[in-house]
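Following: one structure in structure tokens, then a few remarks.
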Amino acid sequence: MDEANAADVAGVPASTLNLIDLSSSDIRRSVSLLKQACLDSGFFYVINHGVSQELMEEVFVQSRRFFGLPLSEKMKLLRNEKHRGYTPLFDQVLDPANQINGDYKEGYYIGVEVPEDDPRAQKPHFGPNLWPSEDILPRWRQAMEKFHCQALNVAKVVTRIIALALDLEAGFFEKPEIFGEPIATLRLLHYEGLVSDPFKGIYGAGAHSDFGFITLLATDDVPGLQICKNKDAKPLKWEYVQPMRGPFIVNLGDMLERWSNCIFRSTLHRVIGNGQERYSIASFLEPNHDCLIECLPTCMSKENPPKFPPVQCQTYLSQRLDDTHADLNVYRREGA
Ligand code: OGA
Ligand code: NI
């Protein structure tokens, strides 16, 4: 166990994050606040984003209903090869060097709904979703689909401000070959009321940075999320992100870090359980499958040449998911 990482859980300070008001007409101010946030912490809140409080509450109610089902029911919807469906406790290990069992969380992946007979369903990450039956969870699918779609629209608005902050034209990322057909994933998360113990390698979610472009996170009001502004510092310094019902917490992922040649860094974060049950909902935004993530023209110079080789979005994402999730054969063996 990394002693430095285990230190200082009590007494962790709260972070102050910038608020970006998506209804503001002062775009220059929004760009400046976002840029400052991206250079400082890689985390910010977005407010007045257009998703109603009612819908936010509804998806949390529906998420609680799902996770409240007996394990045997949830296991009927176990994650498949397309990364859709239920992920039980310990299915993901985000920080293997510092964790014993894996993440003390359960989750549910919902992706872009593509019918089985659609040629696009041949691609990784695309295909039909797994849905709990209407008899067991009425209106569940409708609520999730509505929220998934609206969160994606909010994320697209944020990409416009990010583009401006990187000295690109506002619509740069909205080109058909970039976010024309994005891999957009909703993930419901449930942390049981366990107290994390970094000394023993017990975390709600191990330290990680997200894999994609940006993540929008909605949380209940139980604290747990911690961020580390400088992932190169030793020892790592952690700060709490204040939970807020209503705003989305937005953070930058590794694809954007690669794209921007580390001008915008993805931020290390983790979830520390304090004994209270906690629910959160992450919306991950990744570009089209074959979009090439390569250094942006405005992010390189003679003094600052590209730091990463170009990589295809789908290849990168599959690799990161496979690296952190259990092999599905584990469950087949258990079930046999
Ligand atoms: C994630 C994540 C944080 C949270 O899903 O990548 O960091 O608060 N979630 O659940
Ligand atoms: Ni994360």
Side-chain angles (χ1 to χ4, degrees), residues 12 14-15 17 41-46 56 59-60 63-64 66-67 79 83-96 98-99 102-111 147-148 151 155 183-194 196 202-229 231 236 238-257 265-286 316-317 320-321 323-325:
V12 173
S15 197
L17 303 183
S41 61
F43 266 80
F44 50 91
Y45 297 103
V46 298
M56 288 275 208
V59 282
F60 275 94
S63 173
R64 282 192 194 94
F66 174 78
F67 290 119
R79 167 174 68 89
H83 286 278
R84 304 298 173 87
Y86 177 61
T87 56
L89 225 55
F90 311 137
D91 182 72
Q92 196 168 31
V93 191
L94 282 166
D95 183 16
N98 288 298
Q99 287 180 278
D103 291 2
Y104 280 77
K105 69 178 191 218
E106 48 179 353
Y108 200 89
Y109 279 116
I110 298 166
F147 182 77
H148 189 19
I183 305 175
T185 307
L186 193 67
R187 191 173 191 202
L188 313 177
L189 291 161
H190 173 222
Y191 301 86
E192 59 179 71
L194 186 95
S196 291
I202 297 172
Y203 296 90
H208 67 283
S209 48
D210 291 351
F211 316 147
F213 190 81
I214 51 170
T215 306
L216 268 54
L217 186 75
T219 70
D220 63 13
D221 40 29
V222 177
L225 179 63
Q226 294 184 348
I227 61 171
C228 168
K229 287 184 181 172
K231 56 189 165 193
L236 296 173
W238 295 95
E239 296 176 17
Y240 267 107
V241 174
Q242 197 74 29
M244 286 212 243
R245 275 175 191 238
F248 282 111
I249 299 164
V250 182
N251 65 290
L252 314 182
D254 295 331
M255 286 188 200
L256 182 51
E257 174 173 294
R265 304 291 301 270
S266 57
T267 307
L268 209 55
H269 54 284
R270 65 185 189 180
V271 176
I272 298 288
N274 68 356
Q276 282 172 284
E277 206 175 12
R278 179 173 181 272
Y279 293 85
S280 65
I281 303 177
S283 304
F284 300 108
L285 178 67
E286 278 98 42
Y316 185 76
L317 183 62
R320 297 291 303 272
L321 286 168
D323 285 350
T324 57
H325 279 286

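The first residue of the sequence shown is numbered 1, and numbering continues consecutively from there. Numbering of ligands and ligand atoms starts at 1, following listing order. What you see is a predicted model, and the numbers here were worked out from it, not measured in a lab.
Side chain to side chain, Ser209 and Asp254 meet the donor-acceptor criterion of an N or O pair below 3.5 Å. In this model, no donor atom of one side chain and acceptor atom of the other lie less than 3.5 Å apart for Glu192 and Tyr104. Side chains of Glu277 and Tyr279: a donor on one and an acceptor on the other come within 3.5 Å. Under 3.5 Å, the side chains of Lys105 and Thr87 contain no donor-acceptor pair of N or O atoms.
Arg79 has a carboxylate O that lies under 4.0 Å from a charged side-chain N of Asp91, or vice versa, which qualifies the two as a salt bridge.
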Next item on the list: Report the C-alpha distance between Ile227 and Ser41 in whole Å, list the side-chain angles of each, state the deciding distance to 0.1 Å, and finish with yes or no for side chain to side chain contact (heavy atoms under 4.5 Å, CB included).
Entry: CA-CA 8 Å; Ile227 61 171; Ser41 61; 4.3 Å; yes
For ligand 1, which of its N or O atoms have a protein N or O partner closer than 3.5 Å, and how long is each gap?
unit_1: ligand 1; atom_1: 6 (O); unit_2: His208; atom_2: NE2; d: 3.1
unit_1: ligand 1; atom_1: 6 (O); unit_2: Asp210; atom_2: OD1; d: 3.1
unit_1: ligand 1; atom_1: 7 (O); unit_2: His208; atom_2: NE2; d: 3.1
unit_1: ligand 1; atom_1: 7 (O); unit_2: His269; atom_2: NE2; d: 2.9
unit_1: ligand 1; atom_1: 8 (O); unit_2: Arg278; atom_2: NH1; d: 3.0
unit_1: ligand 1; atom_1: 8 (O); unit_2: Arg278; atom_2: NH2; d: 2.8
unit_1: ligand 1; atom_1: 10 (O); unit_2: Tyr191; atom_2: OH; d: 2.6
unit_1: ligand 1; atom_1: 10 (O); unit_2: Ser280; atom_2: OG; d: 2.6

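One finds an angle of 90° at the Ni ion (ligand 2) between NE2 on His269 and OD1 on Asp210, to the nearest 10 degrees.
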